[in-house]
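A short write-up of the structure that comes next.
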2 protein chains.
Amino acid sequence: MIATLTEIKSQFKELGIKSTIPRTVIYQSLMKFEHHPSAEEIYLGIQKKYAGVSLATVYKTLDLLVQKGLAHKVVTDEDKVRYDARTDQHIHLYCNKTKKIMDYEDPTLEQIIMDYLNKKGIPGFNFSQIQVNIKGEISNKKINRKL
Amino acid sequence: MIATLTEIKSQFKELGIKSTIPRTVIYQSLMKFEHHPSAEEIYLGIQKKYAGVSLATVYKTLDLLVQKGLAHKVVTDEDKVRYDARTDQHIHLYCNKTKKIMDYEDPTLEQIIMDYLNKKGIPGFNFSQIQVNIKGEISNKKINRKL
DNA sequence: TCTCAAATAAGAATTATTATTAATTAAATG
DNA sequence: CATTTAATTAATAATAATTCTTATTTGAGA
Ligand SMILES: [Mn+2]
Ligand SMILES: [Mn+2]
Ligand SMILES: [Zn+2]
Ligand SMILES: [Zn+2]
């Protein structure tokens, strides 16, 4: 999950992304976050390691990563976009209380939904991706979940 | 689906919402929209029938409706919240091309998911609502779908 | 009808994000 | 390795959505 600098650079090269220090730092930071950070969180998180990166660059780089398929946007009903270094199909748990967004692995459920939709189809609509968001509240018993 | 003014007023009274002209007009407008409008769309749509309502009032009223359970927010990766007069469980189709959000009825699929989750549970999480968003593109064959 | 707490209009303020532009930098080339 | 140059960045201005402030208006109850 956390890639080395060399790996990132070759990944960038493959995708035709010019490799710069801000870009590698931002991408590494996004991957290291244990939750789904906003642009500002990444901006702040970076300052220790690489002060001087501007917020605009963070935004532009995140956009680039999204466009090149290295990251996904995650939206909530707050006015702030979050980013996700995971781009494979997975489910998000939204906690109404803490406002945290957690990854939830359930390949079986995803498969059930996909099988159903692939068999049935949606008249007049060509679907390419399904998104399952589950809202609720973290319950007292602590589970070590990826935020 | 489209309620009469008297119905709206009694609905408001039940929920402890003071009935005012802006509120009833905004709520009626939201219900009449065949798609999932933004605050500004409602603001503009209202002007014919009731000019003079301010945009701030539209925002405040929509927030109130959401809080009282008469409307839901619908978010997209654009920086603009949409509103939905439907508050029952239903699926949304997001068209990447037209950016339209359509309601999709599939009680069977919803039931399958609910059954699965209710049986299995999510460790450490108390879920209250699931949201299924299906992304893709409207296909050429025209289907009369609720936007 | 009168009263008054609650709601509204108008516009200022805030916040997240995007655009502009001059300076910097990374890759390609010799 | 030094040079070239197009792409990237920092700084900051601009924009767009939403929220806040406050003086005025309004609707529900007495
Ligand atoms: Mn915005
Ligand atoms: Mn905003
Ligand atoms: Zn995720
Ligand atoms: Zn809907």
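Keep in mind that what you see is a predicted model, and the values were worked out from it rather than measured. Every chain is numbered from 1, with letters handed out A, B, ... down the list of sequences.
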Subject >> With sequence neighbours excluded, residues passing side chain to side chain contact (heavy atoms under 4.5 Å, CB included) with Gln67(B) >> reply: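 So Gln67(B) forms no side chain to side chain contact (heavy atoms under 4.5 Å, CB included) with any residue.
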
**OP:** Output yes when at least one side-chain N/O atom of Ser54(A) is less than 4.0 Å from OP1 or OP2 of dA10(D), else no.
**Re:**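 Indeed, a polar side-chain atom of Ser54(A) lies that close.
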
Original post:
With sequence neighbours excluded, what pairs up with Asp84(A) under the salt bridge (Lys or Arg N to Asp or Glu O under 4.0 Å) test?
Top reply: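 Salt bridge (Lys or Arg N to Asp or Glu O under 4.0 Å) check on Asp84(A) returns nothing, list empty.
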
Subject >> salt bridge (Lys or Arg N to Asp or Glu O under 4.0 Å) involving Glu137(A) - partner list, sequence neighbours excluded >> reply: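 Counting only residues at least two positions away or on another chain, Glu137(A) forms a salt bridge (Lys or Arg N to Asp or Glu O under 4.0 Å) with Lys97(A).
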
**OP:** Scan nucleotides 14-30 of chain D nucleotide by nucleotide, 5' to 3', and note B when protein non-hydrogen atoms come under 4.0 Å of the base, S if they reach only the sugar-phosphate, - if neither.
**Re:** ---SBBB------SS--

Subject >> Five-pair end axes of the helix from dT1(C)-dA30(D) to dG30(C)-dC1(D), angle between them (10°) >> reply: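 Axis-to-axis angle, ends of the helix: 40°.
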
**OP:** Give every residue pair that meets the ring pair (Phe, Tyr, Trp, His ring centres under 6.0 Å) criterion with at least one member in residues 49-85 of chain B, sequence neighbours excluded.
**Re:**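 Sorted pair list comes back empty.
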
Original post:
Should Glu105(A) and Arg86(A) be marked as a salt bridge (Lys or Arg N to Asp or Glu O under 4.0 Å) after you check the CA-CA gap, both sets of side-chain angles, and the distance that decides it?
Top reply: CA-CA 12 Å; Glu105(A) 308 302 331; Arg86(A) 282 191 57 177; 2.4 Å; yes

Subject >> Contact interval (first through last nucleotide) of DNA chain C with protein chain A, 4.0 Å heavy-atom >> reply: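 Range of nucleotides within reach of chain A: dA16(C) to dA27(C).
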
**OP:** Keeping to residues at least two apart or across chains, list the side-chain hydrogen bond (donor to acceptor under 3.5 Å, both in side chains) pairs with something in residues 2-26 of chain A.
**Re:**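 Matches after skipping sequence neighbours: none remain.
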
Original post:
Which residues pass the side chain to side chain donor-acceptor pair (under 3.5 Å) test with Thr57(B), sequence neighbours left out?
Top reply: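 Listed in chain order: Ser54(B).
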
Subject >> Contacts of Gln111(B) that satisfy side chain to side chain donor-acceptor pair (under 3.5 Å) - sequence neighbours left out >> reply: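 Gln111(B) satisfies side chain to side chain donor-acceptor pair (under 3.5 Å) with Asp115(B) only.
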
Determine all donor-acceptor pairs shorter than 3.5 Å in which one atom belongs to a side chain in residues 117-128 of chain B; sequence neighbours excluded.
from, atom 1, to, atom 2, distance (Å)
Asn118(B), ND2, Met114(B), O, 3.1
Lys120(B), NZ, Asp106(A), OD2, 3.4
Ser128(B), OG, Lys135(A), O, 3.3

Subject >> Remaining members of hydrophobic cluster (4.5 Å side-chain criterion), Val75(A) >> reply: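 Result for Val75(A) is Val75(B).
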
